[in-house]
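Written below as structure tokens is the structure these notes are about.
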There are 2 protein chains.
Amino acid sequence: MQVLIMSNLRWTRQRKLILDALKERTDHPTAEQLYHELRARGQSVSLATVYRTLRALAREGLLRELHGHGPDRFDPDTSPHYHFRCRSCGRVYDVAVPYRTDLDQVQVGPGFVVTSHEITWEGICPACRGEGSGHGKSG
Amino acid sequence: MQVLIMSNLRWTRQRKLILDALKERTDHPTAEQLYHELRARGQSVSLATVYRTLRALAREGLLRELHGHGPDRFDPDTSPHYHFRCRSCGRVYDVAVPYRTDLDQVQVGPGFVVTSHEITWEGICPACRGEGSGHGKSG
DNA sequence: GTTAAAATGCAAGTGCTTATCATGAGCAAT
DNA sequence: ATTGCTCATGATAAGCACTTGCATTTTAAC
Ligand SMILES: [Mn+2]
Ligand SMILES: [Mn+2]
Ligand SMILES: [Zn+2]
Ligand SMILES: [Zn+2]
């Protein structure tokens with residue numbers, strides 16, 4: 001199945017594996033988490049390739065990169081939506097608040113060109129609430 | 001002059017210098033930028049101390065840390081407000097959009113505790129618009 | 001001034017990510 | 001199916017952005 005029709009990327013075994021593994025998840029994993037997931041399944045992929053692939057697929061618009069506190073995370077959902085970040089475990093969750101198109105029209109100031117906006121909530125996630133005093137890093 | 005009345009931090013020469021240097025700026029500098037600024041003024045401060053001081057003062061609520069793409073940045077303004085990040089130079093600017101207190105009341109989901117939110121716009125800043133094809137790192 | 005606790009500078013260490021480069025695999029034309 | 005060009009991968013080194021350990025000051029309280 002040809003998925004990279006519009007791109008000039010080759011559809012390799014590793015890229016299939018990595019993109020599939022990401023699509024199975026809704027917790028916005030880090031490159032390293034994806035790497036461990038694949039190894040656990042007995043699939044052989046190098047960490048460098050995981051990073052390279054994720055960046056490449058992001059450039060092609062097939063996934064989205066999230067930056068913030070700690071290592072970068074990756075999102076298989078490229079549609080506009082917002083996030084919650086747990087300041088205990090770092091996990092990122094989708095937030096079901098409607099996307100505000102009007103915020104992309106905001107005039108930041110003279111000479112500024114706005115291309116996007118994002119809203120991120122911070123706090124503690126359910127997984128960390130029920131974890132003693134929770135200073136976990138599980139996610 | 002005792003500024004750290006409420007805190008248990010000692011008011012050292014380095015901390016004065018670092019906080020003053022930060023307060024003079026509105027571009028949310030990185031630790032390294034502050035470090036170079038101070039050196040340029042002939043003030044002797046180590047990079048480790050700049051980092052330690054900024055983290056310590058942030059913990060005390062005297063300044064704010066900003067995370068995102070690239071190195072952490074620091075903001076002398078601790079009041080609630082939003083930011084614009086230039087994806088060319090990385091500089092961060094304040095955005096004069098009124099703070100939405102209601103967004104801190106958003107129910108992310110069952111078991112989630114929200115402590116704050118932030119909105120960040122992305123795009124190109126005026127400094128980078130007028131820079132040829134601008135792929136600068138000046139900020 | 002003495003003194004105990006805390007801060008600094010230097011250098012080494014860590015975590016995340018990218019670069020290098022020899023080898024292997026995808027893809028299109030034979 | 002084979003060839004050949006080009007791009008991708010794996011292994012590992014290097015790079016960047018911090019962080020930490022520790023001996024040596026400094027601070028601030030007596
Ligand atoms: Mn998402
Ligand atoms: Mn600000
Ligand atoms: Zn959590
Ligand atoms: Zn800029």
Side-chain angles (χ1 to χ4, degrees), chain A residues 1-19 21 28-36 38-39 42-60 62-63 65-74 85 89-92 137-139, chain B residues 1-19 21-22 28-36 38-39 42-60 62-63 65-74 85 89-90 92 135 137 139:
Chain A
M1 187 225 255
Q2 176 66 289
V3 178
L4 303 185
I5 301 168
M6 317 294 289
S7 95
N8 52 339
L9 295 180
R10 289 175 180 175
W11 199 225
T12 65
R13 183 182 63 87
Q14 289 87 339
R15 286 177 177 171
K16 279 189 261 270
L17 285 169
I18 292 165
L19 187 55
H28 309 78
T30 65
E32 187 125 22
Q33 287 172 340
L34 249 9
Y35 169 72
H36 288 312
L38 292 173
R39 303 223 93 203
Q43 301 293 351
S44 158
V45 186
S46 77
L47 181 57
T49 295
V50 175
Y51 273 105
R52 267 187 307 235
T53 295
L54 290 169
R55 303 292 187 208
L57 297 183
R59 247 182 280 116
E60 298 297 323
L62 289 161
L63 57 87
E65 304 182 20
L66 302 180
H67 309 287
H69 211 149
D72 290 350
R73 290 172 170 268
F74 300 88
R85 178 183 302 266
C89 66
R91 263 181 287 238
V92 171
K137 256 200 161 182
S138 18
Chain B
M1 190 225 256
Q2 176 67 291
V3 177
L4 303 183
I5 301 169
M6 316 295 288
S7 96
N8 53 338
L9 295 181
R10 290 176 180 177
W11 199 225
T12 66
R13 182 182 66 86
Q14 289 86 340
R15 286 177 178 171
K16 278 190 261 270
L17 285 170
I18 292 164
L19 188 54
L22 179 62
H28 310 79
T30 65
E32 188 124 22
Q33 287 172 338
L34 249 9
Y35 170 72
H36 287 313
L38 291 173
R39 305 222 94 204
Q43 300 293 350
S44 158
V45 187
S46 76
L47 181 57
T49 295
V50 174
Y51 274 107
R52 269 186 304 231
T53 295
L54 290 169
R55 303 291 187 208
L57 297 183
R59 246 183 280 117
E60 299 296 323
L62 290 160
L63 58 87
E65 304 181 21
L66 302 180
H67 308 287
H69 210 149
D72 290 349
R73 291 176 170 265
F74 300 88
R85 179 183 303 266
C89 67
V92 171
H135 238 253
K137 255 200 161 183

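The chains referred to below are lettered A, B, ... by the order of the sequence lines, with proteins before strands, and numbering in each begins at 1.
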Let me know the distance between [atom1] of [X] and [atom2] of [N], rounded to the nearest Å.
| X | N | atom1 | atom2 | result |
| --- | --- | --- | --- | --- |
| B:His36 | D:dC18 | NE2 | C1' | 14 Å |
| A:Asn8 | C:dG26 | CG | P | 17 Å |
| B:Leu9 | C:dA5 | CG | P | 17 Å |
| B:Arg55 | D:dT20 | CZ | P | 10 Å |
| B:His69 | C:dT18 | NE2 | C1' | 12 Å |
| A:Arg59 | C:dT18 | CZ | P | 10 Å |
| B:Leu54 | C:dA7 | CG | P | 15 Å |
| B:Trp11 | D:dT27 | CH2 | P | 13 Å |

Under 4.0 Å between a side-chain N or O of A:Tyr51 and OP1 or OP2 of C:dT17? yes
What residues, two or more places apart in sequence or in another chain, satisfy ring-ring contact (aromatic ring centres under 6.0 Å, His included) together with A:His69?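 Counting only residues at least two positions away or on another chain, A:His69 forms a ring-ring contact (aromatic ring centres under 6.0 Å, His included) with B:His67.
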Residues which pass side chain to side chain donor-acceptor pair (under 3.5 Å) with B:Arg55, listed by chain and number, not counting sequence neighbours: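 Applying side chain to side chain donor-acceptor pair (under 3.5 Å) to B:Arg55 gives B:Glu65, B:Asp72.
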So, using side chain to side chain donor-acceptor pair (under 3.5 Å) as the criterion, who are the partners of A:Ser46 when residues are at least two apart? A:Thr49
Could you go through the side-chain contact (heavy atoms from CB on, under 4.5 Å) check for A:Val50 and A:Glu32 one step at a time? CA-CA 8 Å; A:Val50 175; A:Glu32 187 125 22; over 6 Å; no
Heavy-atom pair of closest approach, residues A:Trp11 and A:Leu19: CH2-CD2, 3.8 Å
Dot-bracket for DNA chain C, please, read 5' to 3', with Watson-Crick or G-U wobble pairs under 3.5 Å on both distances, ( ) within the strand, [ ] crossing, | other strand, . unpaired. ||||||||||||||||||||||||||||||
I want to check something: taking the side chain as every heavy atom from C-beta on, are B:Leu9 and B:Leu57 in contact at a cut-off of under 4.5 Å? yes
Would you mind reporting whether B:Gln33 and B:Thr30 have side-chain heavy atoms less than 4.5 Å apart?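 Yes, close enough: below the 4.5 Å cut-off.
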Per the atom types in the model, does the base of C:dC27 pair as donor or acceptor with the side chain of A:Arg10 at under 3.5 Å?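 No such pair is found, so the answer is no.
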For A:His28, does its backbone N or O pair with a side-chain atom of A:Arg91 as donor and acceptor, under 3.5 Å? no
Let me confirm one number: the CD-CZ distance from B:Gln14 to B:Arg52, rounded to the nearest 0.5 Å. 10.0 Å
Contact state string [nucleotides 8-14 of chain C, B base, S sugar-phosphate only, - no protein heavy atom under 4.0 Å]: BBBB---
